[in-house]
Amino acid sequence: MKVDLKQVEEACKELYIRALKILPPDIKEGFARLDKTETDATGKSVLGTMIMNIKVAEATNNLLCQDTGIPIYNVVIGRGIEVDGHALKQAIAAGCARATKEHPLRSSVVHPVTRTNEHTSCGRLVPVINIDFSDEADTLSIEMIPKGSGSENNSWLKMAIPADGVDAVKTFVIDCVLDAGGKTCPPTIVGVGVGGTADLCVHLSKVAATRPLGSHCTDPEGAKLESELSAVVNQLGVGPQGLGGDSTSFAVHVETAATHITMNPVAVNMQCHSARRARATFTPQGLSYGF
Ligand code: SF4
């Protein structure tokens, strides 16, 4: 299948706007689940306000949160897809810039030294574009994630000692959740990367943080860690917006990679309660939108 880059540009514009306005169903279900189990009066009240915020935003065609985030596009190219890779990246950036100018949206992206804002949500190496490949025939998938800074500012990496084993991983995750407190706009999805190199470990923590609720690590050891840590973080008392309660996190998600015999890297990246994402899928049957 030959990819129509004009259609990609349009879709990437649409994806940014959709992601900012429509919360995925799995996150809404996560809210409903936490709302049922929250025992703290303040926590319950804050959760209620968040749930109301989602309803009002969607009913009034408004943004779920003022933070338009740093734009991330995750591209997965299936078998038989014909596309000029460089032009694909240009089309994604053009769609991102058009969403910002034409909607319009607040551009939250600046040069790291001059702090100049181009008012396009774009800049050097931004939008972040991750490209991967799958064996799905004639399918191009683009997922858009506007990653909020409150959650992104709370990112950590520790090159732990191998002799300290998985206990070092668990302790580090708990320390990070406590350190973040209310700064990550909880309830969060706690993304954990275990293994790899320093950069791969941090990347995996982001992949984990932005996975849909209800999905599980495909490595059984990672899945075991997910279930243990998910139960523990909600006993820390951080609660919605850090104001106390049981609902600190929707879940802890883990991704793993093989590592060096003398390394034990662990990274944590948070996704806030405004866990926004949107997906466009291109097939010979046409373009469809989802999560
Ligand atoms: S961290 Fe999330 S909920 Fe908090 S301000 Fe940023 S985008 Fe909004």
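Remember, it's 1-based here, ligands and their atoms both numbered in the order they're listed. Counting from 1, the numbers follow the sequence of the chain as shown.
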Q: Give the residue and atom name of whichever protein heavy atom lies nearest to atom 4 (Fe) of ligand 1, and the separation in Å to one decimal.
A: Cys185 SG, 2.3 Å
Q: Name the closest protein heavy atom to atom 6 (Fe) of ligand 1, giving the residue it belongs to and the distance to 0.1 Å.
A: Asp67 OD2, 3.1 Å
Q. Looking at Glu226, His253, Lys224, which hits side-chain contact (heavy atoms from CB on, under 4.5 Å) with Cys217?
A. Glu226
(Q) Under a 4.0 Å threshold between the charged nitrogen and the carboxylate oxygen, would Lys206 count as salt-bridged to Glu255? (A) no
**Q.** Residue Cys272, metal atom 4 (Fe) of ligand 1, N/O/S under 2.8 Å
**A.** no
Q) Which protein non-hydrogen atom lies closest to atom 7 (S) of ligand 1, naming both residue and atom, and how far is it? A) Arg276 NH2, 3.3 Å
**Q.** Residue among Ser205, Ser151, Ser155 satisfying side chain to side chain donor-acceptor pair (under 3.5 Å) with Asn269
**A.** Ser155
Q: Run the contact test for Gln66 against ligand 1 with a 4.0 Å cut-off on heavy atoms, strictly below, and give the result.
A: yes
Q) What pair of heavy atoms forms the shortest contact from Val194 to Val169, and how long is it? A) CG2-CG1, 4.0 Å
Q) Counting from 1, what ligand 1 atoms have a heavy atom of Gly148 closer than 4.0 Å? A) 6 (Fe), 7 (S)
Q. Could Arg277 and Asp26 be called an ion pair, given the rule that one side-chain N must be under 4.0 Å from one carboxylate O?
A. yes
Q) Thr68 pairs by side-chain contact (heavy atoms from CB on, under 4.5 Å) with which of Ser108, Pro146, Ser149, Ser107? A) Ser108
Q) Which atoms of ligand 1 have any heavy atom of Gly150 under 4.0 Å away? A) 1 (S), 6 (Fe)
Q. Is the closest heavy atom of Lys147 to ligand 1 under 4.0 Å?
A. no
Q | Closest protein heavy atom to atom 8 (Fe) of ligand 1, given as residue, atom name and distance to 0.1 Å | A | Cys65 SG, 2.3 Å
Q. Non-hydrogen atoms of Ser151 versus ligand 1: any pair closer than 4.0 Å?
A. yes
Q.
Assess, by modelled atom type and distance only, whether the side chains of Asp175 and Trp156 contain a donor and an acceptor separated by less than 3.5 Å.
A. no
